Number of protein chains: 2
Amino acid sequence: MTRWLTTDEQETWRALLDLNRYLAEGTDRQLQRDAGMPIAYYAILVTLSEAPDRQMRMSALAEAVDGSQSRLSHAVSRLEDRGWVKRRRCDSDGRGWYAVLTDAGFAALTAAAPAHVGYVREMVFDTLTEEEQHTLRSAARRIVAGMRAAEPA
Amino acid sequence: MTRWLTTDEQETWRALLDLNRYLAEGTDRQLQRDAGMPIAYYAILVTLSEAPDRQMRMSALAEAVDGSQSRLSHAVSRLEDRGWVKRRRCDSDGRGWYAVLTDAGFAALTAAAPAHVGYVREMVFDTLTEEEQHTLRSAARRIVAGMRAAEPA
DNA sequence: GGGTGGTGCTTGAAAGTTCAAATATTCGCC
DNA sequence: GGCGAATATTTGAACTTTCAAGCACCACCC
């Protein structure tokens, strides 16, 4: 019944899991060390910094950044504690909230970015040919699209 | 100073982060739903099941499965609570311990595997050409090798 | 205009992870 | 043969994530 993986596929799967793990842990450790924030916070700051007026509805931010409302809500609470983000009520819909990047938050992002980008460049892009990079990208996108279609959460 | 990412590279990086996230969350959710265990536990059971006598030193298991001794120690404690793994002292080195897969643990693994493999096959391998798969694998391995070299923790 | 259901977001508790410090045992050395 | 350094593993506290309620507000409908 079950269509098991071939040895070949198993090795690819293992390589992908390893990539996953190293990427996640390496970038997280780097940011924690150099900027004192986990990568989840960094992603929030980046996303907000690119948004118009540096603000976004909580739900849109959750979608852009990780997909879980609850996780985002907790994270924004802690970013508020640090003074990097503020919440602001939405005028047109009383249920909604905006997360707004503060100047301090923007400054923290500006301080963190160079080391982070340097790390990513060194670890990922310096070791890939351009062709590999593009293959990787299209394969990754196709897999993600399939998973989104399967679980439209 | 900082060698920023090109737009092209930024898009690849975003795609990789998304892949990372969806793969981790999707597989975790699937296993949690179908087998009541997080993927970290599954990886431990798989690794033990492939080891001689279905047992391994804690440190070797940590290296094979995730890299953190402490995380493994906590995880094995919970697997012991479920009766899926047992600890056994190492005769030749009193500091060392073996993690041993129990029959119940093997049974849990056997029950969980088909749905998990089916999910992986459907989400990942059914959408990749053989060439993409191989490109992905070698790129992933090269990146991981570079990261291991940089941080030999 | 007051239920009824749905949407946007938060909260609290449980589970998992991380980091640093603690414990226990071996090894080398004098 | 006993002292100090190194190794294998665990522990506890702090933090993050997840899951399942919960609260607040909108919108529809009679």
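Just so we're on the same page: letters track the sequence lines, and every chain starts at 1. This is a predicted model, so every value here is computed, not measured.
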Identify whether any heavy atom of A:Ala40 sits under 4.0 Å from a base atom; if not, whether one sits that close to sugar-phosphate; answer base, sugar-phosphate or nothing. sugar-phosphate
Base, sugar-phosphate, or nothing for A:Ser59, non-hydrogen atoms under 4.0 angstrom? sugar-phosphate
When you get a sec, tell me which of [options] is the closest nucleotide to the side chain of [X]?
X: B:Arg89; options: D:dT11, D:dA24, C:dT25; answer: C:dT25
X: A:Gln69; options: C:dT10, D:dT10, C:dT17; answer: C:dT10
X: A:Asp93; options: D:dA24, C:dA24, C:dG8; answer: C:dG8
X: B:Tyr41; options: D:dT9, C:dG16, D:dC25; answer: C:dG16
X: A:Arg95; options: C:dG6, C:dA24, C:dT10; answer: C:dG6

Any donor-acceptor pair, under 3.5 Å, between the side chain of A:Ser70 and the base of D:dC19, if you only look at N and O atoms? yes
At less than 3.5 Å, do the side-chain atoms of B:His74 and the base atoms of D:dT9 form a donor-acceptor pair? no
Rounded to whole Å, how long is the line connecting atom [atom1] of [X] with atom [atom2] of [N]?
X: B:Arg71; N: D:dA13; atom1: CZ; atom2: C1'; result: 18 Å
X: A:Asp28; N: D:dT16; atom1: CG; atom2: P; result: 10 Å
X: A:Met37; N: D:dC15; atom1: CE; atom2: C1'; result: 16 Å
X: A:Leu72; N: C:dT11; atom1: CG; atom2: C1'; result: 14 Å
X: B:Arg29; N: C:dA15; atom1: CZ; atom2: P; result: 18 Å
X: B:Arg78; N: D:dT10; atom1: CZ; atom2: P; result: 12 Å
X: B:Leu31; N: D:dC19; atom1: CG; atom2: P; result: 13 Å
X: B:Ile44; N: C:dT17; atom1: CD1; atom2: C1'; result: 13 Å

Thinking salt bridges, do B:Glu132 and A:Arg141 make one under a 4.0 Å N-O criterion? no
Going by the side-chain hydrogen bond (donor to acceptor under 3.5 Å, both in side chains) test, which pairs reach into residues 72-88 of chain B, not counting sequence neighbours? B:Gln55-B:Arg88, B:Ser77-B:Arg87, B:Glu80-B:Arg87
For B:Tyr119, the ring-ring contact (aromatic ring centres under 6.0 Å, His included) test, sequence neighbours excluded, returns none
Would you mind telling me which residue lines up with the more 5' stretch of DNA chain D, B:Trp97 or A:Asp91, judged by nearest nucleotide? B:Trp97
A:Met58 versus A:Val76, closest heavy-atom pair with distance: CE-CG2, 3.9 Å
In terms of heavy-atom contacts, A:His116 and A:Tyr42 come closest through CD2-CE2, 3.3 Å
